[in-house]
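Worksheet for the structure shown next.
Residue indices begin at 1 and follow the sequence shown. These values consider heavy atoms only, across backbone and side chains, with no hydrogens, waters or symmetry-generated copies. As the structure is a computational prediction, the values presented were derived from the model and not from experiment.
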Amino acid sequence: MVREKFWQLIKGGADKLSGVFFLISDDYYVLKLAREEVLKLKRAGKGGNGEVPVFVYYGSEIEAKKLSSAIAQGNLFSSNRVIVISEANKIKVQVWREILKIIEGGLPSSLTIIFEYFVEDGNFPSTSIMEVIDSKGIIAELTSPSYRAFNVWLQLIMSISGINIKPALIPVLIHLYGENVEKIITEVKKLMEWRGGSPPVSERDIISFLEKEKEYNFFELYYALSIKNMALFLECSKGMIFVRDSEAALLYLSHLYTFFTSLLQFKEGKQPRQYLKRFMELSASRYPISLIYRILNEIMQTDMVIKGVKRSNLSPEEQAYFLAIKICGFCLEGVGVIKKQKEG
């Protein structure tokens with residue numbers, strides 16, 4: 001069953017809710033979404049009370065005996081049961097043989113088994129697995145389509161996720177976030193929250209949101225630096241650097257340069273701009289002047305590389321992130337030694 005037919009089945013409701021759903025995708029978000037839609041359908045099914053017991057197993061750990069035992073177990077509170085086997089791509093060959101025998105032998109009418117098979121490096125399920133599953137249940141091939149069809153595919157997924165958006169805005173989202181379904185859905189949901197629950201109606205809505213988000217991101221970056229939280233600093237750095245914006249790396253360097261030059265001036269007795277004052281107060285005791293100069297030097301060196309003054313095989317984004325890692329290293333130098341000395 002191809003992806004479009006599967007979603008049509010889910011949206012229309014299925015009379016036969018029992019059996020096997022074999023979900024195949026190269027996108028974890030799509031697998032998760034498909035599972036939730038099957039469970040919604042199951043909860044709404046005849047004979048159910050709205051609550052369906054769900055038992056989750058993982059492919060790398062599942063054994064045929066465990067599955068057989070789970071299938072045999074009755075349930076006192078519901079006539080419906082669901083077994084989810086996540087990461088089915090990690091099931092061992094011998095275990096697959098035994099599982100297929102169990103499925104061929106027939107399943108209780110009250111039971112649904114959902115297999116989630118993640119396609120990694122083009123490795124699809126074997127023909128023997130597909131033949132048995134196809135005879136006993138529904139195979140849903142939900143892998144990402146070609147680039148040309150991706151915008152149609154994305155709009156379908158967004159609709160299933162409860163997001164109705166103008167088709168003309170789909171290419172804009174793909175340009176900004178790449179062909180990453182989960183990233184796009186997450187960002188659009190954030191955008192909708194910012195707009196009070198309504199989806200964007202124009203490209204200007206999306207751009208306005210991005211401008212606000214950039215503003216928020218650099219304040220969060222400054223806060224991470226001011227308290228020397230390097231994990232948060234790296235997280236913020238990733239969010240600011242790896243976006244579909246040719247100027248992102250240089251803009252990131254500009255924010256770092258502003259922070260550390262302002263900090264240097266603050267330590268020399270000059271008052272910073274009002275929006276920087278609190279950050280400078282938090283930072284002053286954490287950064288010796290020698291460390292500030294060292295970081296500023298690295299920022300200027302990276303700036304020259306990104307602008308082409310110096311040669312490098314790395315992309316501007318990789319250069320900027322490498323700088324972030326270097327700054328972490330500078331800030332954490334000697335931390336473990338000091339801690340050990342205090343403990344001693």
Legend entry - Ser86 and Glu116 side chains, donor-acceptor separation under 3.5 Å: yes
Legend entry - pair Leu256-Ile295: side-chain heavy atoms closer than 4.5 Å: no
Inset, instruction - Test Leu221 against Phe233 for side chain to side chain contact (heavy atoms under 4.5 Å, CB included), laying out the working first. - result: CA-CA 6 Å; Leu221 180 82; Phe233 167 66; 3.6 Å; yes
Legend entry - Student check: side-chain heavy atoms of His255 and Tyr222 closer than 4.5 Å: yes
Inset, instruction - Check whether more than 12 heavy atoms from other residues, nucleotides or ligands sit under 6.0 Å from atom OH of Tyr58, and answer yes or no. - result: no
Inset, instruction - Please say whether more than 12 non-hydrogen atoms of neighbouring residues, nucleotides or ligands are located less than 6.0 Å from NZ in Lys32. - result: no
Legend entry - Pairing of Glu281 and Arg278 as salt bridge, 4.0 angstrom limit: yes
Legend entry - Val54 vs Ile114 side-chain heavy atoms within contact, under 4.5 Å: no
Inset, instruction - Check whether more than 12 heavy atoms from other residues, nucleotides or ligands sit under 6.0 Å from atom CZ of Phe266, and answer yes or no. - result: yes
Inset, instruction - Please name all residues satisfying ring-ring contact (aromatic ring centres under 6.0 Å, His included) with Phe115, sequence neighbours left out, ordered by chain then number. - result: Phe22, Trp96
Legend entry - CD1-OH distance between Ile299 and Tyr257, expressed to the nearest 0.5 angstrom: 8.5 Å
Legend entry - Contact check, side chains of Gln301 and Val305, non-hydrogen atoms, under 4.5 Å: no
Inset, instruction - Mind checking the CZ-CG spacing from Phe279 to Leu225? Nearest 0.5 Å is all I need. - result: 9.5 Å
Inset, instruction - Evaluate side chain to side chain contact (heavy atoms under 4.5 Å, CB included) for Phe259 paired with Met280, printing each intermediate quantity in order. - result: CA-CA 8 Å; Phe259 180 89; Met280 299 300 100; 3.7 Å; yes
Legend entry - Min side-chain heavy-atom separation Tyr321-Tyr252 under 4.5 Å: no
Inset, instruction - Assess whether atom OH of Tyr293 is packed by more than 12 heavy atoms of other residues, nucleotides or ligands within 6.0 Å. - result: no
Legend entry - Tyr117 side chain near Phe124 side chain, heavy-atom distance below 4.5 Å: no
